[in-house]
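Chain letters run A, B, ... following the sequence lines, proteins first and then strands; every chain starts at 1. Given the structure is predicted, the values throughout are model-derived calculations rather than measurements.
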Amino acid sequence: MTYWLIKSEPDVYGIDDLKKEQVGVWDGVRNYQARNYLKSMQTGDYCFFYHSNTKPPGIAGLAKIVETMVVDPSQFDINSDYFDPKSTVDAPRWHTVKCQYVETLPELISLETLRSHFGEDELLVVKRGTRLSVIPVSFESADRLLKIGAFTTAFQPLM
DNA sequence: GCCAACGTTGGC
DNA sequence: GCCAACGTTGGC
């Protein structure tokens, strides 16, 4: 089991949207490094749901992977911003996951708070200039995050 | 709105 | 394969 941090702009798709849907396809990732992380996700992995490009940015809640290696449907949708003309149904370029809503934090863990607890090497999202939208989180950092935020889900973060 | 960081594109 | 130009992300 692995922990991840997944970024999204709440104006586009935030934790409230996932709560409404309960299960959502994490579509629209068009960066190979992020995609490779998505492809390595396993059912049952937890994702810290990070709100970017908002005030203040930070971790807003928690999601869980319920399906892996999902073919991102938006790559075939000519009307989508994420349409990829080089992708074919036989050889899709973009795979992703389905996430299930777990919980929303009563109080967002702001980027500022994250920076006060973690160094750049401990949690990549605090590193200036990091644009990667899917980031692995070590067990150690996940354990600390779970203590910093008011999570209600029971965890066994260290394995 | 600015701009640093950095990924991608395309000419050569 | 290099690298300049360009586009995007995302904090501030």
Side-chain angles (χ1 to χ4, degrees), chain A residues 2-21 24-41 45-65 68-99 101-138 140-142 144-151:
Chain A
T2 310
Y3 288 87
W4 305 93
L5 183 147
I6 53 177
K7 283 190 205 172
S8 186
E9 301 188 18
D11 289 348
V12 179
Y13 191 87
I15 190 84
D16 290 342
D17 297 299
L18 182 59
K19 186 178 184 179
K20 216 173 291 173
E21 284 196 311
V25 175
W26 201 257
D27 65 355
V29 171
R30 293 294 179 270
N31 168 284
Y32 284 103
Q33 198 181 351
R35 183 207 63 179
N36 291 343
Y37 282 134
L38 287 172
K39 286 173 87 169
S40 73
M41 285 182 175
D45 286 358
Y46 281 102
C47 296
F48 295 98
F49 198 124
Y50 182 91
H51 281 176
S52 64
N53 207 9
T54 186
K55 222 180 101 179
I59 293 172
L62 199 68
K64 195 177 186 173
I65 304 305
T68 61
M69 288 298 282
V70 176
V71 174
D72 185 336
S74 63
Q75 67 195 305
F76 307 122
D77 178 1
I78 198 156
N79 296 313
S80 169
D81 287 345
Y82 306 121
F83 175 69
D84 184 347
K86 291 176 189 161
S87 198
T88 64
V89 177
D90 287 338
R93 302 171 97 194
W94 306 104
H95 285 82
T96 185
V97 292
K98 270 187 195 167
C99 294
Y101 173 78
V102 177
E103 65 174 315
T104 303
L105 287 174
E107 203 175 336
L108 179 119
I109 312 172
S110 70
L111 179 58
E112 191 185 5
T113 301
L114 292 172
R115 288 209 164 108
S116 72
H117 284 88
F118 295 95
E120 290 182 355
D121 303 333
E122 295 173 313
L123 192 66
L124 202 58
V125 78
V126 308
K127 189 174 178 179
R128 184 180 163 71
T130 294
R131 291 169 14 181
L132 193 60
S133 63
V134 180
I135 294 171
V137 177
S138 69
E140 205 174 21
S141 292
R144 279 161 63 195
L145 274 174
L146 293 167
K147 285 168 184 153
I148 293 162
F151 293 95

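Among the nucleotides B/dT8, C/dG10, C/dG11, the one closest to the side chain of A/P57 is C/dG11. The side chain of A/L111 lies closest to C/dC12, out of B/dC6, C/dG10, C/dC12. Of the candidate nucleotides B/dA4, C/dG11, B/dC6, B/dA4 has the atom lying nearest to any side-chain atom of A/R128. Here the side chain of A/R131 is nearest to one of C/dG11, B/dT8, C/dG7, namely C/dG7.
For the pair A/K7 NZ and C/dT8 P, the interatomic distance rounds to 17 Å; values are reported in whole Å. Taking atom NZ of residue A/K127 and atom C1' of nucleotide C/dG11, one finds them 16 Å apart after rounding to whole Å. In this structure, the CD atom of A/E120 is 17 Å from the P atom of B/dA4, given to the nearest Å. In this structure, the CG atom of A/L124 is 15 Å from the P atom of B/dA5, given to the nearest Å. Note: OH (A/Y13) to P (C/dG10) measures 17 Å, nearest angstrom. Remark: P of C/dG10 and CD1 of A/I6 are 13 Å apart, rounded to the nearest angstrom. Rounded to a whole Å, the CD atom of A/Q33 is 14 Å from the C1' atom of C/dT9.
Note on A/R115: a side-chain N or O is less than 4.0 Å away from OP1 or OP2 of C/dC12. Not one side-chain nitrogen or oxygen of A/Y50 sits closer than 4.0 Å to the OP1 or OP2 atom of C/dT9.
Nucleic acid contact for A/K55: none, since no nucleic acid atom lies under 4.0 Å from a heavy atom of the residue.
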Check step by step if side chain to side chain donor-acceptor pair (under 3.5 Å) holds for A/D72 and A/S74.
-> CA-CA 6 Å; A/D72 185 336; A/S74 63; 2.6 Å; yes
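Distance NZ/A/K39 to OG1/A/T96: 11.5 Å, rounded to 0.5 Å.
Taking the six-membered ring where the residue is Trp, the centroids of A/W94 and A/Y32 are separated by under 6.0 Å.
For the helix from B/dG1-C/dC12 to B/dC12-C/dG1, the rotation axes defined at the first and last 5 base pairs enclose an angle of 10°, given to the nearest 10°.
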